[in-house]
Amino acid sequence: MSSSIYHFRSVEKKWSEIFSRYSISNSEILRNRQKKYYVLEMLPYPSGKLHMGHIRNYTIGDVLARYKKMSGYAVIHPIGWDSFGLPAENAARQSGGHPKTWTEANIASMRELLQVFGYMYDWPREISTCSENYYAMEQKIFLDLFDRGMVYRKKSYVNWDPIDQTVLANEQVIDGLGWRSGAPVEKRILDQWFVRITAYAEKLLSGLKELEGKWPDKVLKMQENWIGRSEGVIVNFKIVGSNRTIPIFTTRPDTLFGSSFIALSPDHEIATELAKNDLDAARFIENCKKGAITEEAFAKAEKDGWKTHLYAECFLVEGKKLPIYIANFVLMDYGTGAVFGCPAHDERDFDFAKKYNLPIIRVIHSEEELPYSGEGRLINSSFLNGLSTGDAKIEMIKYIEEIGAGEGKVTYRLRDWLVSRQRYWGCPIPIIHCPSCGIVSAKIPVLLPEDIIIDGIGNSLEKHPTWRFVKCPKCGEEAVRDTDTLDTFFESSWYFLRYLCPDYSDPIDRDIADAAMPIDICIGGVEHAVLHLLYARFFVMALKDMGYISSGISFMKLLAQGMVCHKSYKNSDGEWVYPDEVRRDNNEKFIDRSGKEVIEYSAEKMSKSKKNIVNPQVIVDSHGVDATRLFIVSDTPPEKDFDWNIDALDGSWRFLNKVWKTFNLVFSELGVQIGGSNSLLKTTHIYLKKISEAYDSVALNKAIAFVREFFNEIEAGVKTETNESLRFAFKNFIKALSPIAPYICHEMWKIIGETTEPLQDTEWPKIDERLAIENTVTIAIQVNGKLRKTFEVERDTSEPILEAMAVTLLEDSIQKSLIKKIVIIKNRVVNIVI
RNA sequence: GCGGAUGUGGUGAAAUUGGUAGACACGCAAGAUUUAGGUUCUUGUGACGAAAGUUGUGGGGGUUCGAGUCCCUUCAUCCGCACCA
């Protein structure tokens with residue numbers, strides 16, 4: 001019997017090389033455009049190590065890729081590296097090496113482990129975004145956007161780290177401090193590059209409707225909120241005693257009769273002008289900028305204002321004047337940077353009015369206390385009185401437009417995308433600044449210089465002795481290069497198109513892109529729900545409008561996979577302890593290696609800092625790839641968080657051993673030769689149907705449950721079935737399991753001499769629908785809806801017969817005369833109502 | 001504050017979309033084989049009960065012959081956004 005132990009090590013070594021040869025040619029994709037399947041896993045950052053989250057992500061993708069391949073699809077399943085970015089610079093600074101060297105070494109070791117896992121990737125399509133081949137093409141796209149006015153330069157407020165001397169992304173500012181330097185971050189006005197994503201706000205919003213049912217509702221809602229469309233009106237308020245007006249955006253024109261003040265953002269141009277001649281104003285504005293920096297603290301900060309000497313004319317009421325304040329709660333980058341205050345119907349305005357003793361005029365009738373921001377009938381509002389808030393809005397906008405005080409307008413929360421970074425390790429912005437010609441497109445490619453000093457302070461490109469100095473391509477005069485590089489989200493916004501033509505001389509090969517797109521399923525973490533997936537959708541739309549591709553549709557299904565979690569442990573010294581260092585002592589207490597007592601914390605996302613991580617390599621060494629793959633997609637649906645559980649991993653390992661043992665029995669030279677039954681034929685079709693449906697709906701946990709049930713049936717059949725029937729069932733079982741556990745399945749397939757080709761090229765079994773239905777059904781007999789008995793009957797037995805059988809079976813307990821009604825559902829239930 | 005989910009055994013979860021709740025696993029319990037590579041096999045396992053049975057899908061209410069599933073209400077947990085005018 002010892003010979004039937006499954007030796008995964010030798011088997012996995014043998015097949016891994018064969019699996020990594022998978023590839024699909026462009027001509028094959030073009031030929032099969034009607035039956036293609038593009039499965040995309042979000043490309044990883046080459047940090048050096050694959051973690052369990054990666055493994056879960058890629059295993060889900062690989063199972064689908066293999067299943068679709070077996071089902072006859074032309075499967076596009078690429079992988080690549082999101083290889084620009086800050087960590088490489090930091091690593092280089094610490095080690096004294098070069099970001100490129102570090103990145104390439106990481107890629108090599110990660111690639112190796114991906115191949116160990118048997119992922120059926122199309123390696124010839126592999127891309128690395130830091131390669132010249134990639135970013136030079138990106139520069140071409142950038143310049144195309146630039147030529148169309150889709151990229152522009154603008155002065156704007158940014159997070160500035162005074163120690164690192166660089167701009168920080170919002171995510172890099174933690175509680176107001178630079179994430180690396182710990183220095184208080186300043187708001188600075190800098191000239192930056194922006195992508196005009198707002199031009200696509202409406203398209204991005206309407207595109208979400210097409211994705212309903214295909215993307216998780218949560219993600220759709222998040223993007224909708226991010227884009228934040230609101231309909232309203234811009235009203236121009238005249239400043240008393242001046243020709244100037246202050247434009248104000250509002251979505252509540254219905255409450256204009258309740259207005260009692262106007263508030264400007266501290267960054268508003270009028271505020272800035274006032275501050276020039278007024279020290280008090282200047283001081284107030286300065287204080288506003290210092291205050292809270294986190295969004296939450298900012299939102300909760302007390303309303304604060306500074307009263308200017310200016311008043312605005314209320315265009316609705318003759319002689320009514322509204323005092324103008326500068327107020328800390330008014331945002332410059334939404335609407336027009338100025339608001340009118342209606343204290344009765346807005347919480348912020350209410351707080352502000354209380355503080356500064358401003359009139360509070362109720363204009364919407366309601367039983368509720370002020371401030372009231374709900375719907376109702378208008379009061380105290382002249383020609384609006386009696387109207388609903390909805391109608392009042394329409395009437396007021398009409399009036400404003402008639403008297404020429406403003407016009408209806410749609411505003412978005414979405415801002416243009418700031419893409420410039422003062423960083424070395426990124427795609428150089430291919431622009432030259434010429435003293436006489438201004439901003440000029442550079443000749444591409446603009447390559448990153450390799451001889452560079454990275455000391456963590458400022459932008460190394462700017463400090464390079466020669467790189468930035470060039471001749472202007474237009475006039476030939478001395479000029480300088482732009483030393484900023486692009487946000488790395490720029491690279492990850494179009495990589496899925498480059499996979500399709502990794503060596504093409506233009507960024508995108510239109511023919512192949514048209515055949516392969518859209519992406520049929522994209523798998524990745526929810527953390528990319530807004531930024532990456534919004535940018536990528538935008539890119540595809542913009543690329544379509546620039547003629548690179550024919551369709552603006554990027555993604556079909558989005559699978560937001562859950563996190564991989566693990567319990568965490570902390571010892572009595574307050575140090576985190578690795579899970580595999582924790583034991584139970586005689587008193588059932590948790591202890592670490594040194595015997596210190598350990599507290600167990602509930603499962604949360606695996607993270608290095610809490611040491612609740614599991615290294616994939618270690619698991620592969622102890623349990624094998626197939627068991628790990630099987631385990632990581634078992635039990636928990638892909639979109640839910642997955643709790644690591646070592647016992648269940650052992651269970652997956654045991655299952656594969658059982659499979660191996662039964663395989664050796666069923667296909668042994670002599671066969672089993674005990675029974676004479678052929679019922680497995682039908683069973684096989686029944687289960688293949690269930691399994692296929694589960695794979696099709698990406699319910700991999702269910703697919704595995706059915707695969708295991710199928711196997712249990714085969715095992716039970718060993719004593720009763722003919723050899724022929726058993727072998728038929730087992731072969732189909734191998735096919736059904738192979739997308740999840742490809743190694744053991746290929747090995748078994750090879751042993752029975754079916755083919756020497758990888759199993760992925762074997763067609764998924766054809767299901768005979770007539771056989772895939774059970775012949776007998778179990779009928780439940782209920783009394784008043786409660787289960788009393790069950791009985792077996794042939795499928796589709798007529799209702800009168802079911803009724804008669806049920807009544808007879810319950811004869812002893814129920815008198816016929818008491819029966820009021822009988823409800824019969826064919827093949828399911830007979831409910832007797834008494 | 002606003003928005004979005006999710007609540008089913010000791011655990012991960014199923015439930016043909018209104019028709020036998022708990023499939024498939026993990027764990028646990030009892031037993032068998034004396035078990036060399038990390039065993040394997042059998043049986044049991046929502047709760048209460050010796051049993052017949054009763055009860056059970058966060059709580060409360062409703063619709064229905066019948067509700068985990070539909071409606072109302074309430075509680076709890078998680079996540080996202082956050083002065084958006």
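Just so we're on the same page: letters track the sequence lines, and every chain starts at 1.
Checking U57(B) for Watson-Crick or G-U wobble geometry (two distances, each under 3.5 Å) identifies no partner in any strand. Across every strand in view, C83(B) sits unpaired, with no contact that passes the Watson-Crick or G-U test at under 3.5 angstrom. Pairing of A23(B), defined by two Watson-Crick or G-U wobble distances under 3.5 Å, is not identified with any nucleotide. Base pairing analysis places C28(B) opposite G44(B); the two distances defining the Watson-Crick or G-U wobble pair are each below 3.5 Å. Across the strands present, U77(B) finds its partner in A5(B); the criterion is a Watson-Crick or G-U wobble pair with both atom distances under 3.5 angstrom. Under the Watson-Crick or G-U wobble criterion, with both distances below 3.5 Å, U17(B) has no partner in any strand shown.
In this structure, Trp226(A) places its CH2 atom 21 Å from P of C2(B), rounding to the nearest Å. Between the P atom of U55(B) and the CG atom of Leu787(A) lies a distance of 13 Å, rounded to the nearest Å. Following rounding to the nearest Å, His528(A) (NE2) and G80(B) (C1') show an atom-to-atom distance of 15 Å. Note: CD1 (Ile779(A)) to C1' (G66(B)) measures 15 Å, nearest angstrom. Distance CG (Asp217(A)) to P (G4(B)): 10 Å, rounded to an integer number of Å. U16(B) atom P lies 18 Å from atom CD1 of Ile686(A), rounded to whole Å. For the pair Lys820(A) NZ and U64(B) P, the interatomic distance rounds to 14 Å; values are reported in whole Å. In this structure, CD1 of Ile822(A) is placed 15 Å from P of C65(B), rounded to the nearest angstrom.
Separation of the C1' atoms belonging to G3(B) and A67(B) is 29 Å when rounded to the nearest angstrom. Distance check on atom C1': G1(B) versus C70(B) gives 31 Å, rounded to whole Å. For the C1' atoms, the distance from A23(B) to G12(B) is 13 Å, rounded to whole Å. With C1' as the reference atom, G9(B) and A21(B) are 11 Å apart, rounded to whole Å. Across the P atoms, A25(B) and U42(B) are found 12 Å apart, a figure rounded to whole Å. With both ends at atom C1', the span from G59(B) to G49(B) equals 26 Å, rounded to whole Å. The separation of G58(B) from A50(B), taken at their P atoms, amounts to 28 Å, rounded to a whole angstrom. Between U39(B) and A32(B), the distance separating the two C1' atoms is 14 Å to the nearest Å.
Classified by interplanar angle (parallel below 30°, tilted 30° to 60°, perpendicular above 60°), the ring pair Phe352(A)/Tyr356(A) is tilted. Ring geometry for Tyr372(A) against His345(A) counts as perpendicular: the plane angle is over 60°, on a 0 to 90° scale with 30° as the lower cut. In this structure, Trp417(A) and Tyr535(A) have parallel ring planes: the angle between them is below the 30° cut-off, well short of the 60° mark.
Nucleotides of RNA chain B nearest to Thr251(A) and Asp647(A) differ in position, and the one nearer the 5' end is that of Asp647(A). For the pair Glu347(A) and Arg413(A), nearest-nucleotide mapping onto RNA chain B gives the more 5' position to Glu347(A).
Among the atoms of the strands shown, none is found under 4.0 Å from any heavy atom of Asp643(A). Here Thr778(A) lies in heavy-atom contact (under 4.0 Å) with a base. Arg229(A) comes within 4.0 angstrom of no nucleic acid atom, judged by non-hydrogen atoms across all strands. Within 4.0 Å of Ser634(A), counting heavy atoms only, lies no atom of the nucleic acid at all. Residue contacts shown for Pro637(A) are limited to sugar-phosphate atoms, with no base heavy atom under 4.0 Å away.
Phosphate contact (OP1/OP2 of C84(B), side-chain N/O of Arg348(A), threshold under 4.0 Å): present. Dashed line: the shortest gap from a side-chain N or O of Ser652(A) to OP1 or OP2 of A25(B) is not under 4.0 Å. Within the 4.0 Å cut-off from OP1 or OP2 of U55(B), at least one side-chain nitrogen or oxygen of Lys786(A) is found.
Between the side chain of Arg795(A) and the backbone N or O of Asn827(A) there is no donor-acceptor pair closer than 3.5 Å.
With G19(B), A21(B), A15(B) as the candidates, the nucleotide lying closest to the side chain of Asn831(A) is G19(B). Side chain of Asn712(A), nearest nucleotide from C24(B), A85(B), C65(B): C24(B). With distances taken from any side-chain atom of Val823(A) to the nucleotides U54(B), C65(B), A85(B), the minimum falls on C65(B). The side chain of Lys702(A) sits closest to A15(B) out of G4(B), A15(B), C83(B). Considering only the side chain of Ala705(A), A23(B) comes nearest among A23(B), A21(B), C84(B). Out of A25(B), C83(B), C81(B), the shortest distance to the side chain of Arg708(A) is found at A25(B). Of the candidate nucleotides G19(B), C84(B), A85(B), C84(B) has the atom nearest to the side chain of Arg415(A). Here G12(B) is the nucleotide among G12(B), C65(B), A21(B) with the atom lying nearest to any side-chain atom of Asp635(A). The side chain of Asn328(A) lies closest to C83(B) when the candidates are C83(B), C65(B), A85(B). When distances run from any side-chain atom of Lys640(A) to the nucleotides C84(B), G12(B), A13(B), the shortest one goes to A13(B).
Side-chain atoms of Lys218(A) stay outside donor-acceptor range of the base of C79(B), with no qualifying N/O pair under 3.5 Å.
For the pair Asn701(A) and Thr636(A), the minimum side-chain heavy-atom distance is 4.5 Å or more. Looking only at side-chain heavy atoms (C-beta outward), Tyr743(A) and Phe8(A) stay at 4.5 Å or farther from each other. Proximity of Arg629(A) to Val63(A): side-chain heavy atoms (C-beta onward) are separated by under 4.5 Å at one or more points.
The residues Lys303(A) and Asp349(A) are annotated as not salt-bridged, no charged nitrogen and carboxylate oxygen being separated by less than 4.0 angstrom. By the 4.0 Å N-to-carboxylate-O rule, Glu231(A) lies too far from Lys393(A) to be salt-bridged with it. Using a 4.0 Å cut-off between charged side-chain N and carboxylate O, Glu693(A) and Lys690(A) make no salt bridge.
Tested against Pro343(A) for a side chain to side chain contact (heavy atoms under 4.5 Å, CB included), the candidates Asp351(A), Ile360(A), Thr255(A) yield a single pass: Ile360(A).
Glycosidic conformation at U57(B) (O4'-C1'-N9-C4 for purines, O4'-C1'-N1-C2 for pyrimidines): anti, more than 90° from 0. In this structure, G9(B) shows a glycosidic angle within 90 degrees of zero, which is the syn conformation.
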Using a cut-off of 4.0 Å between protein heavy atoms and nucleotide atoms, how would you tag nucleotides 38-45 of chain B 5' to 3' with B, S and -?
-> B-SS----

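A cation-pi geometry, defined here as NZ or CZ lying under 6.0 Å from the six-membered ring centre and within 45° of its normal, holds between Arg708(A) and Phe655(A).
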